[in-house]
Peer 1: 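I'd like to ask you about the structure that follows.
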Amino acid sequence: MLSSSPYRDVKVIDVARKAGTSPATFYQYFPDVEGAVLEIAEEMAKEGATLTDLVAERSWVGKSGWQTAEELVEGFLSFWRRHDAILRVVDLGAAEGDKRFYKIRMKILNAVTNSLTDSIKDLQSKNKVDKDVSAPAMAGSLVAMLAAVAGHQKGFQSWGVKQTELKPNLALLVHFGVTGKKPTK
């Protein structure tokens, strides 16, 4: 329902009808629509925690580094597309200062940010990335960029950008951000 209706327009009676049940049954499980949305968002955040697998213990050197960047971009954008409707509600709640939604958003973003931070620090320990680079600042900036782009995927078409162009260019930015180098393809 969230993909076809604005969040604030979704009413308990509509959810109950769609689910083939009564509002009374709905209220046995959830206090209100927001409670149901939070439950769905928590489940989505658990899946989001697996985004760390796209980065953790992966190589950022040579052709492997380019592949890691491509897979991170693909995985991140795919996750966002699959959960677009609920992520819009989470973003709205977080932007309005609701700490419950903010925590869910950060749970998803931290999974990738922490792994990218570790990857950059690892490269720094091997003298492959300048020590002056703040690993948490770089990782956080890259993840914020990924989230912003992921949430705006449809908008790129209005600029004449195709998905086939977006992904490699985003991967280029991610690779350069992590390694400070042009990728070896």
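In this text, all values refer to a predicted model and were calculated from it rather than measured experimentally.
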Peer 1: Within the supplied structure, the quantity of interest is the number of heavy atoms (other residues, nucleotides, ligands) at a distance under 6.0 Å from Glu96 CD; does it exceed 12?
Peer 2: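 Yes, the 6.0 Å shell around CD holds more than 12 heavy atoms from other groups.
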Peer 1: Do Phe101 and Val89 have side-chain heavy atoms sitting under 4.5 Å apart?
Peer 2: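 Yes. Closest side-chain heavy atoms under 4.5 Å.
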Peer 1: Take atom NZ of Lys131 as the centre, draw a 6.0 Å sphere, and report whether it contains more than 12 heavy atoms from other residues, nucleotides or ligands.
Peer 2: yes
Peer 1: Any chance you could measure Thr113, atom OG1, to Met138, atom CE, to the nearest 0.5 Å?
Peer 2: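 Between Thr113 OG1 and Met138 CE, I get 13.0 Å after rounding to 0.5 Å.
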Peer 1: Does any N or O in the side chain of His83 come within less than 3.5 Å of the main-chain N or O of Met44, such that one atom is a donor and the other an acceptor?
Peer 2: no
Peer 1: Side chain to side chain contact (heavy atoms under 4.5 Å, CB included) for Val61 and Leu123? Distances and angles first, verdict last.
Peer 2: CA-CA 9 Å; Val61 178; Leu123 290 169; 4.2 Å; yes
Peer 1: For Leu116 and Val143, run side chain to side chain contact (heavy atoms under 4.5 Å, CB included): C-alpha distance rounded to whole Å, both residues' side-chain angles, the deciding distance at 0.1 Å, then the answer.
Peer 2: CA-CA 9 Å; Leu116 271 179; Val143 172; 3.9 Å; yes
Peer 1: Tell me, with the steps shown, if Val55 and Thr68 meet side chain to side chain contact (heavy atoms under 4.5 Å, CB included).
Peer 2: CA-CA 7 Å; Val55 180; Thr68 298; 5.6 Å; no
Peer 1: Side chain of Ser115, backbone of Val112: donor and acceptor closer than 3.5 Å?
Peer 2: no
Peer 1: Counting only heavy atoms not in Tyr102, do more than 12 sit closer than 6.0 Å to its OH atom?
Peer 2: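 Open: at most 12 neighbouring heavy atoms sit under 6.0 Å from OH of Tyr102.
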Peer 1: Hey, is the main chain of Ala94 close enough, under 3.5 Å, to the side chain of Asp98 for a donor-acceptor pair?
Peer 2: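 Checked: no pair found.
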Peer 1: Which atom pair, heavy atoms only, marks the closest approach of Pro136 to Thr117?
Peer 2: CA-OG1, 3.6 Å
Peer 1: Using modelled atom types and a 3.5 Å cut-off, is there a donor and acceptor pairing between side-chain atoms of Asn110 and backbone atoms of Met106?
Peer 2: yes
Peer 1: Between the main-chain N or O of Thr179 and the side-chain N or O of Lys128, is there a donor-acceptor pair closer than 3.5 Å?
Peer 2: no
Peer 1: Give me each pair satisfying salt bridge (Lys or Arg N to Asp or Glu O under 4.0 Å) with a member in residues 101-117, each pair once, sequence neighbours excluded.
Peer 2: Glu42-Lys107, Asp91-Arg105
Peer 1: Could you give the side-chain donor-acceptor pairs of residues 69-77 under 3.5 Å, partners two or more places apart or in another chain?
Peer 2:
unit_1 : atom_1 : unit_2 : atom_2 : d
Glu70  : OE1    : Trp66  : NE1    : 3.3
Glu70  : OE2    : Trp66  : NE1    : 3.1
Glu71  : OE1    : Arg58  : NH1    : 2.9
Glu71  : OE1    : Arg58  : NH2    : 2.5
Glu71  : OE2    : Gln67  : NE2    : 2.8
Glu74  : OE1    : Lys167 : NZ     : 2.6
Glu74  : OE2    : Ser78  : OG     : 2.8

Peer 1: Quick check for you: to the nearest 0.5 Å, what is the distance between Glu43 atom CD and Ile104 atom CD1?
Peer 2: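 One gets 10.5 Å once the value is rounded to the nearest 0.5 Å.
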Peer 1: Answer whether the closest heavy-atom distance between the side chains of Val149 and Leu166 falls below 4.5 Å.
Peer 2: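 The answer is yes; the side chains approach within 4.5 Å.
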Peer 1: Between Ser64 and Trp60 (side chain of the first, backbone of the second, donor and acceptor by atom type, cut-off under 3.5 Å), is there such a pair?
Peer 2: no
Peer 1: Listing request: all side-chain hydrogen bond (donor to acceptor under 3.5 Å, both in side chains) pairs with a residue in residues 150-164, at least two apart in sequence or in separate chains.
Peer 2: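 Listed once each, the pairs are Arg81-Gln153.
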Peer 1: Quick one: are Phe79 and Thr50 in side-chain contact, heavy atoms under 4.5 Å?
Peer 2: no
Peer 1: Can you tell me if Gln124 uses its side chain to pair, donor with acceptor, with the backbone of Val133 under 3.5 Å?
Peer 2: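 It does hold such a pair.
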Peer 1: When rounded to the nearest 0.5 angstrom, what distance separates OG in Ser134 from NZ in Lys121?
Peer 2: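 If we round to the nearest 0.5 Å, Ser134:OG and Lys121:NZ are 8.5 Å apart.
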Peer 1: For Glu34 and Arg100, run side chain to side chain contact (heavy atoms under 4.5 Å, CB included): C-alpha distance rounded to whole Å, both residues' side-chain angles, the deciding distance at 0.1 Å, then the answer.
Peer 2: CA-CA 11 Å; Glu34 186 173 78; Arg100 299 168 302 169; 2.7 Å; yes
